[in-house]
There are 2 protein chains.
Amino acid sequence: MEHDVTSGTPATRPALTRGRIVRAAIGLIEREGAGALSMRRVAAELGVAVMSLYNHVPNKAALLEGVAEHVVAGMELEDDPSRSFADRARVLVRAFRTVAHEYPRCMTIVLTHEIDSPAGLRPAERALALADAAGFDGETSVRIMRALLAYALGAQLRETGAVRMLDHLAAAPADSYGRLDPDEFPHVIALAPQLARHDPETDFEFGLDLLIRALDALPRAASRPLDEDPGTAQG
Amino acid sequence: MEHDVTSGTPATRPALTRGRIVRAAIGLIEREGAGALSMRRVAAELGVAVMSLYNHVPNKAALLEGVAEHVVAGMELEDDPSRSFADRARVLVRAFRTVAHEYPRCMTIVLTHEIDSPAGLRPAERALALADAAGFDGETSVRIMRALLAYALGAQLRETGAVRMLDHLAAAPADSYGRLDPDEFPHVIALAPQLARHDPETDFEFGLDLLIRALDALPRAASRPLDEDPGTAQG
DNA sequence: ACCTGAACACCGTTCAAGT
DNA sequence: ACCTGAACACCGTTCAAGT
């Protein structure tokens, strides 16, 4: 019901918004890489002057935090309380991995920026809830959450290619290995075929299994739900 | 034995060198943070024109790789073959942690750049050697190395503060928790004291112990040294 | 309240010129 | 072979002006 909408041109553009800006940034990163992200490029993407962005985002750092937050908020945190602690923990850590596959080129930003919103706390809450329900005390629950988080982050860092350090030479043909001193790198050379093989899924699950099996073997009190109040109904 | 050295002034400056450039960059990063690093600042640091740097380093990305390489090359890889696999693996992973403490503000760069030199392969060689000596097959040895690497990277990422995501709100005073919905974050709120406590060393060792204990429990062939040649003397 | 252009103080890097 | 200044095409962000 606005005047001047009769023409076939793009017409009234949706209002500029923090959300639109963040999504434009994410799109740009996924399309052209994190290096291509600039306030000016994002503004151009939205058909708007650079300085307009600053009405919704205080600066570039905040925009990057917005990107990280949006990606993490996209984690699908389904949970089946009837399953074992090990299974539930596995599902939780895999949720991070799934979102990482969805936004591969945003991952470096996600991994290197703090997230100041409750969205970032949701996975932590879930991990703590699992550990608590499994009978671990508070201090141990926090440590379990941090260990799982560390592995999830590190595995992603290794796979993203941002860091293929220490074993990425393996991807090169045998030629490269000819340059390596066989006295210094006998195992790297001997295991070149295995190092060259890229099966990130299996690699990821191997380490996750190690962690979770060790967690399962940890001493703990009997399983119990969070202090439940019989007088309270739950949805 | 050069002329013109009689004055007290700095006299003949040491030749510009890739090594000197990299070390200047590292110093700058540790002093002022990774954000302060620029080719121009590094040049100023060395009392040299910006473009002089390009005679020794092709571009900024290469300089960052040089920084990562130099830091990782600083890992002290001592090893005692008479100790158990678990002990030796622990020592190896801790070596990365030690270097991370030495160059805290360089860590984000180390974690996000590939390392193209043999220096970056040395820790991998060591890890593979340990796993091999412990009787794991080649494929498993590679996976073990990757799992340990993922944990080392991730734990560092979590601690560096580059990513305190998911639990960093805990560091804020109780005030912040007042803002959190108690229905959505019961465990985060209940465990606020434990989350606020920062004991990175214990956190790190907790997760490392989980991994290594699980590795120790893995089935493997009997321990054996790398194909040793009785005819060869060793230093 | 939101948008904008011009301007400022920076970037990395190319090029042509020097020794 | 190494150094250098000037210049180019970018940055993020401040400011003052518009609506």
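Each chain gets a letter, A, B and so on, in the order the sequences are listed, and its residues count up from 1.
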So if I take every side-chain heavy atom of [X] and compare against [options], which nucleotide ends up nearest?
X	options	result
A/Tyr54	C/dT4, D/dT13, D/dT4	D/dT13
B/Arg40	D/dG12, C/dG12, C/dT4	C/dG12
A/Arg41	C/dT13, D/dC11, C/dG5	D/dC11
A/Ser38	D/dT13, D/dG12, D/dA7	D/dG12

What is the distance from [atom1] of [X] to [atom2] of [N], rounded to the nearest Å?
X	N	atom1	atom2	answer
A/Leu53	D/dG12	CG	P	10 Å
A/Met39	C/dC8	CE	C1'	17 Å
B/Leu46	D/dC3	CG	C1'	14 Å
B/Asn55	D/dC3	CG	C1'	6 Å
B/Arg18	D/dC3	CZ	P	15 Å
B/Lys60	D/dC10	NZ	P	17 Å

Legend entry - Pairwise 5' ranking along DNA chain C for B/Ala61 and A/Ala15, keeping only the more 5' one: A/Ala15
Legend entry - Any strand: nucleotide that pairs with D/dC11 via Watson-Crick or wobble, under 3.5 Å: none
Legend entry - Assigned partner base of C/dT4, Watson-Crick or wobble definition, under 3.5 Å: D/dA16
Inset, instruction - Kindly indicate whether a cation-pi arrangement holds for A/Arg146 with B/Phe206, taking the cut-offs as under 6.0 Å to the six-membered ring centre and within 45° of the axis. - result: no
Checking all strands, does [X] fall into the base, sugar-phosphate, or nothing category for heavy-atom contacts under 4.0 angstrom?
X	result
B/Ser52	base
B/Met51	base
A/Val50	base

Inset, instruction - Taking only Lys NZ, Arg NE, NH1 and NH2, and the carboxylate oxygens of Asp or Glu, determine whether B/Glu45 and B/Arg31 approach each other closer than 4.0 Å. - result: yes
Legend entry - Lys/Arg-Asp/Glu bridge criterion (N-O < 4.0 Å) met for A/Glu205, A/Arg94: yes
Inset, instruction - Would you please say whether a donor-acceptor pair under 3.5 Å links the side chains of B/His187 and A/Glu125? - result: yes
Inset, instruction - Give a yes/no on whether any side-chain N or O of A/Asn59 is located under 4.0 angstrom from OP1 or OP2 of D/dG12. - result: no
Inset, instruction - Indicate whether OP1 or OP2 belonging to C/dC3 is found under 4.0 Å from a side-chain N or O atom of A/His56. - result: yes
Inset, instruction - Answer with yes or no after comparing the ring centroid distance for B/Phe96 and B/Tyr151 against a 6.0 Å cut-off, counting only values under it. - result: no
